[in-house]
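The structure appears below as structure tokens.
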Amino acid sequence: MKLITAIIKPHQLDEVKEALEAFGVAGMTISEASGYGRQRGHSEVYRGAEYTVDFVPKVRLEVLVDDVDSSDVLEVILKAAQTGRIGDGKIWSVPVDEVVRVRTGERGVDAL
Amino acid sequence: MKLITAIIKPHQLDEVKEALEAFGVAGMTISEASGYGRQRGHSEVYRGAEYTVDFVPKVRLEVLVDDVDSSDVLEVILKAAQTGRIGDGKIWSVPVDEVVRVRTGERGVDAL
Amino acid sequence: MKLITAIIKPHQLDEVKEALEAFGVAGMTISEASGYGRQRGHSEVYRGAEYTVDFVPKVRLEVLVDDVDSSDVLEVILKAAQTGRIGDGKIWSVPVDEVVRVRTGERGVDAL
Amino acid sequence: MVLAMSAITFVAADTPFTDSGNTAWVLAAAALVLFMTPGLALFYGGMVRTKSVLNMMMMSFITMGTVGTVWVLWGYSETFGNDVGAGLLGNPFEHFGLSGVLDAIYGYVPADAATGTAAAGGIPGGAFVAFQVVFAIIAVALVSGAIADRAKFVTWTVFTVIWATLVYFPAAHWVFAFNGFAAETGGWIANKAEGLFLGGAGAYDFAGGTAIHINAGVAGLALAILLRKRVGWPKEPMRPHNLTLVMIGAGILWFGWFGFNAGSALSAGTLAAGVWVNTLAATCTAMLGWLITEKIRDGHATSLGAASGVVAGLVAITPACATVSPWGALVVGLAAGVGCALAVGLKFRFGFDDSLDVVGVHLVGGLIGTLLIGFLADATNSPTGTAGLSMNDGLFFGGGFGQLWSQTLGAGAVLIYSFVVTFIIGWVLHKTMGFTVPEEDEVAGIDLLEHAETAYDLGAFTGGSRHVSSGVVAERTRQVVADEPSSKEEASA
Amino acid sequence: MVLAMSAITFVAADTPFTDSGNTAWVLAAAALVLFMTPGLALFYGGMVRTKSVLNMMMMSFITMGTVGTVWVLWGYSETFGNDVGAGLLGNPFEHFGLSGVLDAIYGYVPADAATGTAAAGGIPGGAFVAFQVVFAIIAVALVSGAIADRAKFVTWTVFTVIWATLVYFPAAHWVFAFNGFAAETGGWIANKAEGLFLGGAGAYDFAGGTAIHINAGVAGLALAILLRKRVGWPKEPMRPHNLTLVMIGAGILWFGWFGFNAGSALSAGTLAAGVWVNTLAATCTAMLGWLITEKIRDGHATSLGAASGVVAGLVAITPACATVSPWGALVVGLAAGVGCALAVGLKFRFGFDDSLDVVGVHLVGGLIGTLLIGFLADATNSPTGTAGLSMNDGLFFGGGFGQLWSQTLGAGAVLIYSFVVTFIIGWVLHKTMGFTVPEEDEVAGIDLLEHAETAYDLGAFTGGSRHVSSGVVAERTRQVVADEPSSKEEASA
Amino acid sequence: MVLAMSAITFVAADTPFTDSGNTAWVLAAAALVLFMTPGLALFYGGMVRTKSVLNMMMMSFITMGTVGTVWVLWGYSETFGNDVGAGLLGNPFEHFGLSGVLDAIYGYVPADAATGTAAAGGIPGGAFVAFQVVFAIIAVALVSGAIADRAKFVTWTVFTVIWATLVYFPAAHWVFAFNGFAAETGGWIANKAEGLFLGGAGAYDFAGGTAIHINAGVAGLALAILLRKRVGWPKEPMRPHNLTLVMIGAGILWFGWFGFNAGSALSAGTLAAGVWVNTLAATCTAMLGWLITEKIRDGHATSLGAASGVVAGLVAITPACATVSPWGALVVGLAAGVGCALAVGLKFRFGFDDSLDVVGVHLVGGLIGTLLIGFLADATNSPTGTAGLSMNDGLFFGGGFGQLWSQTLGAGAVLIYSFVVTFIIGWVLHKTMGFTVPEEDEVAGIDLLEHAETAYDLGAFTGGSRHVSSGVVAERTRQVVADEPSSKEEASA
Ligand SMILES: Nc1ncnc2c1ncn2[C@@H]1O[C@H](COP(=O)(O)OP(=O)(O)O)[C@@H](O)[C@H]1O
Ligand SMILES: Nc1ncnc2c1ncn2[C@@H]1O[C@H](COP(=O)(O)OP(=O)(O)O)[C@@H](O)[C@H]1O
Ligand SMILES: Nc1ncnc2c1ncn2[C@@H]1O[C@H](COP(=O)(O)OP(=O)(O)O)[C@@H](O)[C@H]1O
């Protein structure tokens, strides 16, 4: 089992979700995040005083997948999230020892 | 060392927290998340226009545990988080190379 | 490749960010989190009714690093995040199988 | 009403005319009081949890819709039409649809040349209708705070109509309908009621301590007892989700209340001005009283306490504002601030979930103000006295127990009547329509389940679409949430 | 205006004097109407997404700045100066900079001793200026709702000046400038216009159903057609980001509208009081009408629906408030509530992105109210009638088609004129300055790109610095966002 | 006050009477001004960070409680009681507890038949008390903006009482107490003060540019210098946490300010109406001036700038609203908008942490308005002139340097007195009670540590309990936060 984590642009979320659904991934978990990298932040001005925001909003997406699907899923996310502009984000995968579905207690692939 | 991550229903958090405390887990970290899966979202209506929300609010819970405790802790969370209804969430564990307590610099089990 | 995750005090974020930049880390992702541990929460009072908040606000920081840098980066974060008071947080690292830069599809160290 | 002074006889002027100054003030005051109900919606809305703020506000807004409509149809007439007997009810058909009201001129009283006091009244019937309808609206809306987060919206809507008709309009008739003002004969509390047990003296309730606050407060108590508690109460903490809303609401209430109290003079002169001053004085000390109580008991003076103290003071001075001196107002306010700050804990002791403390603030505050008149009524230095009108002194000013007794009877009558009738109305509605939403709907959020809305979408994501959504803007052809019970059930988790 | 009643002849009193009561009411009413524009800013601001709330509010605020200034310079004179011919325009130079206005006394009408009606008017020129400027401001601000989230701020600013000058001031002159009130000769819709096609009867528009709501509504339509749609519309859902703001805004609008309508009597007497009552009555049934429509069609009564119903009712009763009875007001409100609730769907059918339903609420509501006068005008029981002023009956009260025809012509004339001229103004501005921001700016957030601000920073982090920022407080020496196109482009992602 | 015109002699009428129209306006105006302080709470509250919004609002609210109470006790008397000598102070015991005030009628001035001007005044003592107390409250509350986020709440509470007593009441006496109005002899700035250095002409300050804005502004400066800076200032960015609150606050302030300025006429006639118009005119150009300055300097026109410009314009026109023409008002506004927009940067240059720019807006704006009267006073076209009252011309209208000199002296006297005395009061309080919270409390959030509250709990979690909490609803038996210093210390991290 693998856990694939992707940091993507908030805008691309719908596309990624649809691509994953189309591929057959049944579930995922997302959360709000802020990223720092090559992509620049922005400045705001309040009564003439500048306020620089270094971090840009990102979505953090997590998908548990079976080992065999892992590189395909990564590929699916990659394609759907790509805009070609700086700040498109990262995807990584880590090995998972165990997965359980809370409702049933099922383990492993059955838990997905 | 293992990192156990659980996606649970926000409602069950108190129960899970208490169960973990009872078991002897001294710390944990949580964050807001949104999940997509078998559980359906909901619809809102604004001036007759429908607005579908696909993701449902979840809590993401992370607990670092010693290898020997890991399956027990997972079991504890599983039991406390279970309601038996769709959307109860997932629990998974990943191997951890190193853990440090920031305050003291202690490593490994001492850092928990 | 490693994924280093740090739970730190929100206050120390700027310092950690600057230290990482100084060290040469080019990117990172953060998100809001709440922690439970030795550090106590606080109480609020509304019309004489007490409301106890057990969790304290934390920042969750994730940095992907090359294997060789991983212990140095951990050290950099440790030093920058440390205030010596209870609640300074934890840092841990997990092994990563694969990293991709979404924009270019680059893999591994090139993706950082 | 200025007319709460039992000594006044209403003179039908030879050539009645409208006083543009008095009318200007009453129209402005009516607008101020109208504004109080949205203010109340904010005050209440800020105190509930995020997931039920819209429902809470809607309980106030819908009351404006229903009670406003009903007022035009039969409410005005039921309240201020000629009494149908024993001072208990106005004739609801006399002015049905406001017939024969707009072209009337009410409350003409000649100016008192000796004191330079402006004439009371001389206001068009429409202005009186306007001023009174906003009282009716807020009286009903106040009740909703006792049953926050769990009332079925449609049942609440029906309740507003029935409660206004069976409880508020009668009580307002008793207290506000003076013989010879809008109609020949009025209500029994307002007027000398020789034959009745009041023994000759009307209770003083200038702007509605009994008819509005005791009434709504005890009605809230009845419903809080009748309806199930909120899920988790009192074990689970339920903190106000947005105290800035509470503060805005308190500010609006305070602002509008000057219309409520000083407008009740139905004239712009010495009486109204004195009432204005007393209203402020009591509010100030009530805020201080509440905050000092908190500071001593809890260690902190809170913003919710300040807002609550303001409202408690306003409630308590409402009946008393015309009959106590500025000193008296300071005392009334202080008593209300301290008293209500202590009283909001009662619900935990007695175990009724009066969610937003309608009992602790409105019932207790209303009682404090109404009863303190019996002690502090000051025929010389009160606005009534300085305006040259006669009134009784209270116990502390040598007036004996007479007025205190009248106050007690007036307050008690409204309290008992309202509790009993409200309980019956609530019980019937509960058995027929159901008064509460299913517990899982409450947990999932009453805003979502009852109104298909959520209050806030403040996500920082700057994209065109919220990250947790993927919707289709289309005219609704089906009823998504309601049609899919499973989704509802799941949403509750 | 009370003066909308064509039967009134303005008498120049021998010794004109100001009526302090009438003046007090007009000054208070002017303040109430002034407050409506911030209220509108909240009402509109709550309905857009988080990233554009400030821009939305700024469109209202800047309108206060520009139109207020322009009004003092030439707007008042263009509207209420002596007509320059055919009832189409006031002389903009006559009172340039308000010269010769502050020391005038307007609208002196002797009291009608028979009915006890207060004299209309007797108000200083300055009070009339004050009351009218706030109308001009909100009329222009209303338009902005149609082009939310995407208008270039500087172009909007210019638009407010041009549109006020070329569209609003003329239309207000037509409808509000009565012969002999502020000037000798006024506008063609307001006055008997024998020679013109109205055939002898002016259209009734008491407080601005045509000049303000139809006018702004159709101008919104013109701009919504002209400007590109919001990115993603109608596929992407764009829900209101903060419904508590919408509710506060609706509350303020409701409150202020009593100044709008009852203030238009320019006096505090029977007429103003009756208008007040009608204004409330219509709002109540409009809210109920909208909510019932929603409940039947969508399965839920929403808070946005309640707020929208309130505004729809207020819009519709605005022209009609003085000429229908309370019963008529209940009907007008109900019609507007149901009608507008159905009309807000039209934009999806016809594909114009009238973002906040200026068309569905203001154009449709304005038309409903203006035309229903033709049916429901009631010379006996309306505020006008009860105040002793003469007026025509509508179709349902035996008055025939005459008044309906006048109403139709008045409404149609404003509608067509406004649509055409607004379209031209918009088109020219679009070709010259550009009227919309780049799509990527809209996506990244118009608040950030146009105003260098974001509305909220509610992060729970208790540190001194927000976790996503690391800024330097310094006086600005450069223009960061604008100077660095790359950062802008990236920010949009 | 209308009475600021030195030419007026107050005539004690043979049979004094209240003018219901004037009284209606003053009562409404008093309510409007009362509303300004909650408005200020929002305006200020939106500008601070999330963790201190409640404390910021509480500083305004508690001021209402303390100053309102103190006003009733001795404040009114100290301000408007008979002068105890040299025009420096009213007798604080004369009307202690408002004795002998409610039944008085103030400011009776016969109508000027020639000009048709309404009589000024004829208002009950209570109305004057009401109108003046709300001025006192907001004057004190304004100061709090300079010391946001770090003031010990209890010390601020004590400060409000002492500062009102030692600084505001005296200054208000100087400026607002006219001989023969509420008392025989009044303050030295208001009245011709032949013997003093003003040399025969009073300074014009219609509604409080000196007594309120310069006074509060310079007091803010004194405290900002005295108290430690906020942790991190000026390095760390501290952005407004909720600009929608700022906009609501600005809207309420604008609305209420018509009561502030036009109410100061104490009558509803030509004077009040002209003041209303000038108040609007100046605000409009001030907003434009601030936004243009921003656009040129920073590249963007911001919503905070619009709100700030509105307030700056209102501040500057406050003293001048009755003595300049509408043209003059446009100029005063523009000068204030540009001037204050530039002035808010001063604190960075001079290194005092005037957190919310009380100095930049109120001191600078107040000075601009007060001094510009010396140039722009227009005896012909100002509201005062058009109302038929005599006044001096300013430098630009041929009046020479006389009035400018008076203005300078009046402004300078208040400025110096206030700065010195405020500094001393602040210093003593700082040494005795401590004026600032510990730095770690500020960092952890003053709302939490001083008030045991946090403003928002907007979590999307739909459960019955917030995920970060697990509380017990119970009556407090202990003082958790305060009793456990370790938890406090930790919470700060
Ligand atoms: N080393 C890293 N570890 C974790 N997250 C990273 C790292 N580098 C970048 N990120 C995340 O990826 C996002 C995009 O990175 P950025 O450098 O801006 O653009 P790109 O990936 O297109 O070169 C960042 O906003 C951040 O959230
Ligand atoms: N493949 C997955 N990867 C990551 N998270 C998942 C995955 N599948 C489900 N989840 C998370 O688990 C939650 C519950 O899943 P769901 O399918 O709705 O119910 P159940 O687990 O009871 O079958 C989801 O809301 C989501 O947060
Ligand atoms: N076992 C754990 N697993 C995950 N996170 C933990 C764990 N223990 C502590 N934490 C996180 O570390 C933070 C600091 O821990 P705490 O025990 O309060 O202080 P310290 O680390 O200084 O002893 C907690 O708030 C929590 O976010």
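As the structure is a prediction and not an experimental result, all values here were calculated from the model. In what follows, every chain begins at residue 1, and chains take the letters A, B, ... in the order their sequences are listed.
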Check: Measuring heavy-atom distances to chain F, does E:A104 have an atom under 4.5 Å in its side chain, in its backbone, in both, or in neither?
Finding: neither

Notebook entry, point to check: Which word best sums up how the rings of E:F96 and E:W74 line up, parallel for under 30°, tilted for 30 to 60°, or perpendicular for over 60°?
Noted result: parallel

Note to self: At a 4.5 Å cut-off on heavy atoms, which part of E:V134 comes close to chain F: side chain, backbone, both, or neither?
What the structure shows: side chain

Check: Of F:K235, F:K229, F:R150, which is the lone residue that meets salt bridge (charged side-chain N to carboxylate O under 4.0 Å, His left out) with F:D353?
Finding: F:R150

Margin query: Counting the benzene-type ring for Trp, do E:F131 and E:W25 have ring centres under 6.0 Å apart?
Written below: no

Note to self: Whether the side chain of F:K51 engages the backbone of F:V443 through a donor-acceptor N/O pair (distance < 3.5 Å, no angle test) should be reported.
What the structure shows: yes

Margin query: Let's test your reading of the structure: which of E:G45, E:G100, E:G21, E:A30 forms the most heavy-atom pairs below 4.5 Å with chain F?
Written below: E:A30

Next item on the list: Using the side-chain hydrogen bond (donor to acceptor under 3.5 Å, both in side chains) rule, take E:T454 and E:D447 through it: C-alpha gap first, then chi angles, then the decisive distance, then the call.
Entry: CA-CA 6 Å; E:T454 49; E:D447 285 1; over 6 Å; no

Next item on the list: List in chain and number order the residues that pass side-chain hydrogen bond (donor to acceptor under 3.5 Å, both in side chains) with F:T279, two or more places apart in sequence or in another chain; answer none if no residue qualifies.
Entry: F:N261

Item checked: Pick from F:L280, F:N242, F:V344, F:N381 with the largest number of heavy-atom pairs that fall under 4.5 Å of chain E -> F:N242

Next item on the list: Side chain from CB out, backbone as N, CA, C, O: work out which of these in F:A272 comes under 4.5 Å of a heavy atom of chain E, or both, or neither.
Entry: both

Check: Based on non-hydrogen pairs under 4.5 Å, which of E:A31, E:P38, E:A41 is most in contact with chain F?
Finding: E:A31

Check: Taking atom NZ of F:K295 and atom OG1 of E:T157, what is their separation to the nearest 0.5 Å?
Finding: 9.0 Å

Check: How about residues 61-69 of chain E versus chain F: which residues have heavy atoms under 4.5 Å apart?
Finding: E:F61, E:I62, E:M64, E:G65, E:T66, E:G68, E:T69

Check: Between F:A24, F:P326, F:G333, which shows the greatest number of heavy-atom pairs under 4.5 Å with chain E?
Finding: F:P326

Notebook entry, point to check: Taking only residues two or more places apart in sequence, or in another chain, which ones meet F:F35 in a ring-ring contact (aromatic ring centres under 6.0 Å, His included)?
Noted result: D:F255

Next item on the list: Specify which of E:G256, E:G126, E:A28 makes the most heavy-atom pairs with chain F at under 4.5 Å.
Entry: E:G126

Note to self: Please enumerate all residues that pass ring-ring contact (aromatic ring centres under 6.0 Å, His included) together with F:W276, with sequence neighbours excluded.
What the structure shows: F:F258

Check: Hey, mind stepping through F:E442 and F:R230 against side chain to side chain contact (heavy atoms under 4.5 Å, CB included) and telling me if it holds?
Finding: CA-CA 8 Å; F:E442 181 194 330; F:R230 283 171 295 171; 3.3 Å; yes

Next item on the list: Report yes if the distance between the aromatic ring centroids of E:H451 and E:F153 is under 6.0 Å, otherwise no.
Entry: yes

Notebook entry, point to check: So, for E:E450 and E:A151, which heavy atoms are closest and what is the spacing to 0.1 Å?
Noted result: OE1-O, 4.4 Å

Notebook entry, point to check: With only heavy atoms counted, which part of E:L32 is less than 4.5 Å from chain F, the side chain, the backbone, both or neither?
Noted result: both

Check: So which part of E:V26 gets closer than 4.5 Å to some heavy atom of chain F, the side chain, the backbone, both or neither?
Finding: neither

Checklist line | Under 4.5 Å from any heavy atom of chain F - which part of E:L245 | finding: side chain

Check: So which of F:T302, F:L330, F:T50 has the biggest tally of heavy-atom pairs under 4.5 Å with chain E?
Finding: F:T302

Margin query: Given heavy-atom pairs under 4.5 angstrom as the criterion, report whether the side chain, backbone, both or neither of E:L102 touches chain F.
Written below: both

